[in-house]
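Heads up: the structure comes next, in structure tokens.
To find a chain, count down the sequence lines: A is the first, B the second, and so on, and within it residues start at 1.
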Amino acid sequence: MDASGSKWDPREQKNGNVLAPNENFRGESENVLSGVSSSYIDPIKLQEASIALWLINSDISNPQLDDILLFAQTSSFDTAYEYIFNQLKEKKSEKIFEEIERPIMHIVKEMEDRGILIDKKYFENLSAEYHKELEKLTAKIYKMAGVEFNINSPKQMGEVLFGKMGMKSSKKKSATGSFSTKVSILEELEEANPIIKEILAYRELQKLLSTYIDVIPKMTGLDGKLHAKFLQNGTTTGRFSSQDPNLQNLPIKTELGKRIRGGFIAEKGYKLCAFDYSQIELRVAAILSGDKKMTQIFREGKDIHSGVASFVFDVSLDKVDSEMRRQAKVINFGIIYGMGVSALQKNLVRPKSDSDTRSEVVTREEAQKFYINYFNQFSGVRDYLEEVKKFALKNSFTETLFGRRRYFPNINSRIPFLKNMAERTATNAPIQGTATADIIKLAIRYVEEDLKKEKLLEKVHLVLQIHDELVYEIEENVLEKADQIIKNAMRGVLERSYLHYKTDIPLEVHSGSGDNLGEVK
DNA sequence: CGCATACGCGCC
DNA sequence: AAACGGCGCGTTTGCG
């Protein structure tokens, strides 16, 4: 057994003082609010009130005591508690609380308390290696630019590239009078000047070092483990958020970034095991919309992007090439995000030629045609999105499959930008919320229930939650058994839930394990 | 000096 | 000018 029972809890809040469920804490010792009675507040009840308030108004993420009292217009926590739970009932959100949020509160706490083991030596070595490379790149960039400047300053970078070196940007200056130097802009200039390649390499290393490699090892507790916070009420859609540090954005796309994951290791005798829902948002879009073709693709176990491409481009599945699949993928994601034609056009790129790695954008007409064709093929999706928008315009909120609400006060605004934004977020909320809030949170609940039945709670521990993915630390000798239990629980969420929801679209789950996070996928 | 903002970028 | 949803966090910059 470890000594974590008595370990110091380094967690703290940004806004206000969190009343972490801490045995030693007594509410009377400090209180920032004047005139507030100083009696003891049960940390669990406080957390319940925080979650309940957020369910009532998800724009108030992770509310603290002062937010709770302000909302209830009282100085008494007990009064506020009662008021908030009455409101919860009035807003028809008590089911979400009782069935989804309340049952996982203790699991989230255990996940934070357990933390995840860090290989500090690994991070040290990685740091040395990347800093060395960063130094080389710095010297190279200074030499090629003919001037020393702060490469970390976008402003100075813009002046050097587009001023001194006379490069031409496809974009005009921003409102603040500076050129954008983001990656997508720099990539257009990659062959115009060899310095761009070095700058891009510099950017990547600088990001990895300053956000992860040089920071994470310093954040470990006395137990040598990292205790990031996972806020189950941290987002407007119902998702978790993670902070101090954010463990939901660990690099995975590039090789240099992915290596960071090697520093997150399993305890002795354990493996780290990742379980992720495959394409869960698109499956949910198919479920919610009931679209015939999209349902068919999933029911037949086909790749969704290829399947969509075969309908949109009107070719058989085996005639779908990688380019068609790529374009279908763009629009599939666009659907989830409420994308319009112009956004689609911006994202629909294709290679200029086989020998040329650059890409060019499609014309607006092409994007428009593609857009219309997509919605003609998947008319169920089109009609569903239209229905959600109509509902939001009428009621000023939307609901997930399980009834989780999000409100849109700007949905009837006369300011086009605000109205359009509200419409996009309104169509996205039920999909994102059902998939990566309701379903994954129910999965957390049911996995634990099943592990308990099998007396495995001491051998299997949730350590990370990354939206459509759960990472458990599992004792090696029960790996196979736990793997099956967890997968089955995750797959069966919809039927098992209080909705007893039946669908012929399977919720696929993939898993992988290893001695560190780099090995689990 | 601390703080807010702009910009940029990591993930799902 | 404006760009598709949801996050957290780094550095720079300008301000009080």
Original post:
Once you round it to whole Å, what is the distance between P of dG6(C) and CG of Asp59(A)?
Top reply: 10 Å

Original post:
Tell me: NZ of Lys173(A) to P of dA1(C), nearest whole Å?
Top reply: 12 Å

Original post:
What's the spacing between Asp119(A) CG and Asp515(A) CG if we round to 0.5 Å?
Top reply: 11.0 Å

**OP:** Taking atom C1' in both dA3(C) and dC7(B), compute the distance separating them and give it to the nearest angstrom.
**Re:** 16 Å

Original post:
Parallel, tilted or perpendicular for Phe397(A) and Tyr407(A), by the 30°/60° rule?
Top reply: tilted

**OP:** Answer yes or no: does a side-chain N or O of Lys155(A) lie under 4.0 Å from OP1 or OP2 of dT11(C)?
**Re:** no

**OP:** Round to the nearest Å and state the distance from Phe240(A) atom CZ to dG8(C) atom P.
**Re:** 13 Å

Subject >> Nearest-angstrom distance from the residue atom CG of Leu348(A) to C1' of dC4(C) >> reply: 12 Å

Original post:
To the nearest angstrom, how far is Gln156(A) atom CD from dA6(B) atom C1'?
Top reply: 15 Å

**OP:** Taking the six-membered ring for Trp and the full ring for Phe, Tyr or His, determine whether the centres of Tyr374(A) and Phe370(A) are under 6.0 Å apart.
**Re:** no

**OP:** Quick one, give me the B/S/- string for nucleotides 7-12 of chain B, reading 5' to 3', where B means a protein heavy atom under 4.0 Å from the base and S means that only happens at the primed atoms, P, OP1 or OP2.
**Re:** SBBBSB

Subject >> Gln248(A) side, atom CD; Gln243(A) side, atom CD - distance, nearest 0.5 Å >> reply: 10.5 Å

Original post:
What distance, rounded to whole Å, do you find between the two P atoms, one in dA1(C) and one in dG8(B)?
Top reply: 16 Å

Subject >> From Ile466(A) atom CD1 to Asn246(A) atom CG, the distance as rounded to the nearest 0.5 Å >> reply: 10.0 Å

**OP:** Examine Lys441(A) relative to Phe240(A) and say whether NZ or CZ is less than 6.0 Å from the centre of the six-membered ring and inside a 45° cone about the ring axis.
**Re:** yes

Subject >> Mutual orientation of the aromatic rings belonging to Tyr337(A) and Phe333(A) [parallel < 30°, tilted 30-60°, perpendicular > 60°] >> reply: tilted

Subject >> Nucleotide dG6(C), atom P - distance to CD of Gln243(A) in whole Å >> reply: 18 Å

**OP:** Indicate the ring-plane relationship of Phe179(A) and Phe162(A), choosing parallel, tilted or perpendicular according to the 30° and 60° boundaries.
**Re:** tilted

Original post:
Which whole number of Å gives the distance between the P atom of dG8(C) and that of dG2(B)?
Top reply: 24 Å

Distance-only donor-acceptor hits, side chain of residues 253-260 of chain A, under 3.5 Å, sequence neighbours excluded:
from, atom 1, to, atom 2, distance (Å)
Thr254(A), OG1, Glu204(A), OE2, 2.7
Thr254(A), OG1, Gly257(A), N, 3.1
Arg259(A), NH1, Glu129(A), OE2, 2.9
Arg259(A), NH2, Glu129(A), OE1, 2.9

**OP:** Give one of base, sugar-phosphate or nothing for Asn347(A), where a contact means two heavy atoms less than 4.0 Å apart.
**Re:** base

Original post:
Do the side chain of Asn428(A) and the base of dC4(C) come within less than 3.5 angstrom through a donor-acceptor pair of N or O atoms?
Top reply: no

Original post:
Starting at OH of Tyr202(A) and ending at P of dG10(C), how long is that distance when rounded to a whole Å?
Top reply: 16 Å

Original post:
Would the number of heavy atoms belonging to other residues, nucleotides or ligands and lying under 6.0 Å from NZ of Lys140(A) be above 12?
Top reply: no

**OP:** Specify the separation, in whole Å, of atom CG of Leu209(A) and atom C1' of dC9(C).
**Re:** 15 Å

**OP:** Please determine if a side-chain N or O atom of Thr237(A) lies less than 4.0 Å away from the OP1 or OP2 oxygen of dG6(C).
**Re:** no

Original post:
Now, which nucleotide makes the Watson-Crick or G-U wobble pair with dC9(B), with each of the two distances under 3.5 Å?
Top reply: dG8(C)

Original post:
Under a 4.0 Å heavy-atom cut-off, which of residues 402-425 of chain A touch DNA chain C?
Top reply: Arg406(A), Phe417(A), Met421(A), Arg424(A), Thr425(A)

**OP:** Counting Watson-Crick and G-U wobble pairs only, both distances under 3.5 Å, name the nucleotide matched with dA3(C), or none.
**Re:** none

Subject >> Distance between P atoms of dC4(C) and dC11(B) (Å, rounded) >> reply: 22 Å

**OP:** Could you tell me which nucleotide pairs with dC3(B) by Watson-Crick or G-U wobble geometry, both distances under 3.5 Å, or answer none if nothing does?
**Re:** dG14(C)

Original post:
When the nearest nucleotide of DNA chain C is assigned to Asn150(A) and to Lys171(A) on a heavy-atom basis, which residue is associated with the more 5' position?
Top reply: Lys171(A)

